[in-house]
Protein chains: 2
Amino acid sequence: MQPIESLQQQFEARCRKLGLAVTHQRTVIYRELVATGEHPTPEAVYERVKAQIPAISLGTVYKNVKTFLDAGLLKEVSLHHGTLRLDANTDPHHHMVCRQCRRIFDIPESEIEPVRLKNLPESGFQIDRFSIEVLGVCGACAAARE
Amino acid sequence: MQPIESLQQQFEARCRKLGLAVTHQRTVIYRELVATGEHPTPEAVYERVKAQIPAISLGTVYKNVKTFLDAGLLKEVSLHHGTLRLDANTDPHHHMVCRQCRRIFDIPESEIEPVRLKNLPESGFQIDRFSIEVLGVCGACAAARE
DNA sequence: ATATTAAACGATAATTATTCTCATTTGTCA
DNA sequence: TGACAAATGAGAATAATTATCGTTTAATAT
């Protein structure tokens, strides 16, 4: 019979594999991130963690969030938060984003088959439109890597 | 025979309709935004405009960008730039975003039919994955508006 | 268990992106 | 052309994030 690992145990194992110390702060930050079904900001995580570790500093939250992102334990919802990117193309279209150089290319809406949901969305959610991002590496960046 | 409006004339007409003064700065900012096929940051727009109006201030660029966004002449590429949003869900999934309260709901990948491009992408672009955002208004916000 | 050492922490300064304020200048319209 | 509201430029203020650095803590080898 398979041992059932607790979240805590899984977390510790992943840290060890990554060479990361299992600190109290790190553990609580991760636990809270998983606990909230939301997609919190670092500030919101800080608030939740502070309820349990009053002395924690916001910088520690940021540092660990970055560590977790690098380690793949966490994802960021948007590739291009951080600075406003403007789009003067008013025709309906989607985007192709290079994760290397962050350049953004337009894809006319007509190039993509319409999105179809298999079931009805979250109760009462009124859909305006779909926005598709094709993520990958652009020709130039792929070439630059040989 | 229909008169062919220049971009400049179209822009002036839209400004008039919106009650916006047609200033030199505003005109050049908009022209540069349309000229670049890219999706520039305000800073990048500022650099381009400064080549033509050396005395322009970055604040003016920001103010006009905001004005254009409000007016719908411009879009922002990402709804949630500005602050990092974290996601501890490591299963492949997409997002449903409320443009009112900015809450983000997960949609399991299996709920959406796979995206299909009709033609090959931008030369040499290597696709990693697709990220779909369903934009609209969540149940709670829709209810709050009556 | 304890000593050693590198990693992590907390406090806080620094940086970056963005917004705000206000005195001056410039379009708009009579 | 003149009056007035709107827009501009300069720079201060704020928000989000990163960096620095002295102290504390977890990992590990005794």
Side-chain angles (χ1 to χ4, degrees), chain A residues 8-9 11-32 39-47 49-71 73-74 76-86 102, chain B residues 8-9 11-32 39-47 49-71 73-74 76-86 102:
Chain A
Q8 173 64 21
Q9 287 171 322
F11 176 69
E12 291 184 13
R14 295 190 77 170
C15 282
R16 258 183 232 105
K17 194 171 295 176
L18 292 159
L20 298 173
V22 180
T23 65
H24 183 43
Q25 289 84 342
R26 190 164 277 167
T27 304
V28 176
I29 291 168
Y30 184 70
R31 172 162 22 97
E32 289 306 314
H39 296 74
T41 63
E43 187 72 36
V45 174
Y46 173 60
E47 291 306 328
V49 173
K50 200 157 65 161
Q52 294 167 67
I53 312 176
I56 199 166
S57 107
L58 179 57
T60 296
V61 173
Y62 269 100
K63 270 177 284 192
N64 280 302
V65 159
K66 195 168 212 191
T67 303
F68 293 154
L69 286 170
D70 290 346
L73 268 80
L74 224 56
E76 36 183 317
V77 172
S78 170
L79 246 68
H80 21 240
H81 93 279
T83 184
L84 182 55
R85 301 292 296 261
L86 301 165
R102 306 244 152 169
Chain B
Q8 173 64 20
Q9 286 171 323
F11 175 70
E12 290 183 14
R14 297 189 78 169
C15 283
R16 259 183 232 103
K17 194 171 295 177
L18 293 159
L20 298 173
V22 179
T23 65
H24 182 43
Q25 289 84 340
R26 190 163 278 166
T27 305
V28 175
I29 290 168
Y30 184 70
R31 177 171 7 106
E32 290 305 314
H39 297 75
T41 63
E43 187 72 35
V45 174
Y46 172 61
E47 291 305 329
V49 173
K50 200 157 67 160
Q52 294 167 67
I53 311 176
I56 199 167
S57 105
L58 180 57
T60 297
V61 173
Y62 269 99
K63 270 177 283 192
N64 280 301
V65 159
K66 195 166 211 193
T67 303
F68 294 154
L69 285 170
D70 290 346
L73 268 79
L74 224 54
E76 36 182 319
V77 172
S78 170
L79 244 70
H80 22 239
H81 94 279
T83 184
L84 182 55
R85 300 294 295 264
L86 300 166
R102 305 243 153 171

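Values below: every heavy atom of this structure, side chains too, minus hydrogens, waters and symmetry copies. Chain letters run A, B, ... following the sequence lines, proteins first and then strands; every chain starts at 1. The shown structure was predicted, so the numbers you read here are calculated from the model rather than taken from an experiment.
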**Message:** So B:L73 and B:L18, do their side chains get closer than 4.5 Å, heavy atoms only?
**Reply:** yes
**Request:** Choose from C:dA11, C:dA8, C:dT18 the nucleotide whose nearest atom is closest to any side-chain atom of A:S57.
**Result:** C:dA11
**Request:** Starting at atom NE2 of B:H81, determine the distance to atom C1' of C:dT18, rounded to an integer number of angstrom.
**Result:** 8 Å
**Prompt:** When rounded to the nearest 0.5 angstrom, what distance separates CG in B:L84 from NZ in A:K66?
**Reply:** 10.5 Å
**Item:** B:R26 side chain to B:N64 backbone, donor-acceptor under 3.5 Å
**Value:** no
**Request:** Calculate the interatomic distance between A:Y62 atom OH and C:dC9 atom C1'; express it in whole Å.
**Result:** 17 Å
**Request:** Return the value, rounded to whole Å, for the distance between atom CG of A:L84 and atom P of C:dT19.
**Result:** 8 Å
**Request:** Please determine if a side-chain N or O atom of A:Q25 lies less than 4.0 Å away from the OP1 or OP2 oxygen of C:dG10.
**Result:** yes
**Complete:** Under a 4.0 Å heavy-atom criterion, DNA chain D is touched by chain A from D:dA16 to D:dA27
**Prompt:** A:T23 side chain N/O closer than 4.0 Å to the phosphate oxygens (OP1, OP2) of C:dC9?
**Reply:** yes
**Prompt:** Can you tell me how far the CG atom of B:D70 sits from the CG atom of B:L20, to the nearest 0.5 Å?
**Reply:** 10.0 Å
**Request:** Please report, rounded to the nearest Å, how far the P atom of C:dC9 is from the NZ atom of A:K66.
**Result:** 15 Å
**Prompt:** Pick the nucleotide of DNA chain C nearest each of A:T67 and B:H24; which residue has the one closer to the 5' end?
**Reply:** A:T67
**Request:** Taking the side chain as every heavy atom from C-beta outward, state whether B:E43 and B:L58 have any atom pair closer than 4.5 Å.
**Result:** yes
**Request:** Starting at atom CD1 of B:I56, determine the distance to atom C1' of C:dT26, rounded to an integer number of angstrom.
**Result:** 14 Å
**Prompt:** Hey, does A:T41 have a side-chain heavy atom less than 4.5 Å from the side chain of B:R85?
**Reply:** yes
**Message:** Which is more 5' along DNA chain C, the nucleotide nearest B:K63 or the one nearest B:V22? Just name the residue.
**Reply:** B:K63
**Message:** Taking any heavy-atom pair under 4.0 Å as a contact, classify A:G19: base, sugar-phosphate, or nothing.
**Reply:** nothing
**Message:** Given B:E12, which partner from the list B:Q9, B:R14, B:Q8 fulfils the side-chain hydrogen bond (donor to acceptor under 3.5 Å, both in side chains) test?
**Reply:** B:Q8
**Prompt:** Nearest 0.5 Å, what's the NE2-OG1 distance between A:H81 and A:T83?
**Reply:** 9.5 Å
**Asked** Any side-chain heavy atom of B:I29 sitting closer than 4.5 Å to one from B:I56?
**Response** yes
**Fill in**
Assert: residue with more 5' nearest nucleotide on DNA chain D, out of B:T83 and B:I29, is B:I29
**Prompt:** Can you check the A:R85 CZ to C:dA17 C1' distance for me, whole Å?
**Reply:** 14 Å
**Prompt:** Relative to each other, are the rings of B:F11 and B:F68 parallel, tilted or perpendicular (30° and 60° limits)?
**Reply:** perpendicular
**Message:** Measure NZ/A:K50 against P/C:dA11 and give the value in whole Å, please.
**Reply:** 10 Å
**Prompt:** A:T60 side chain N/O closer than 4.0 Å to the phosphate oxygens (OP1, OP2) of C:dG10?
**Reply:** yes
**Request:** Note the angle between the end axes of the helix from C:dA1-D:dT30 to C:dA30-D:dT1, five pairs defining each, rounded to 10 degrees.
**Result:** 40°
**Asked** To the nearest Å, how far apart are A:F68 CZ and C:dA8 P?
**Response** 10 Å
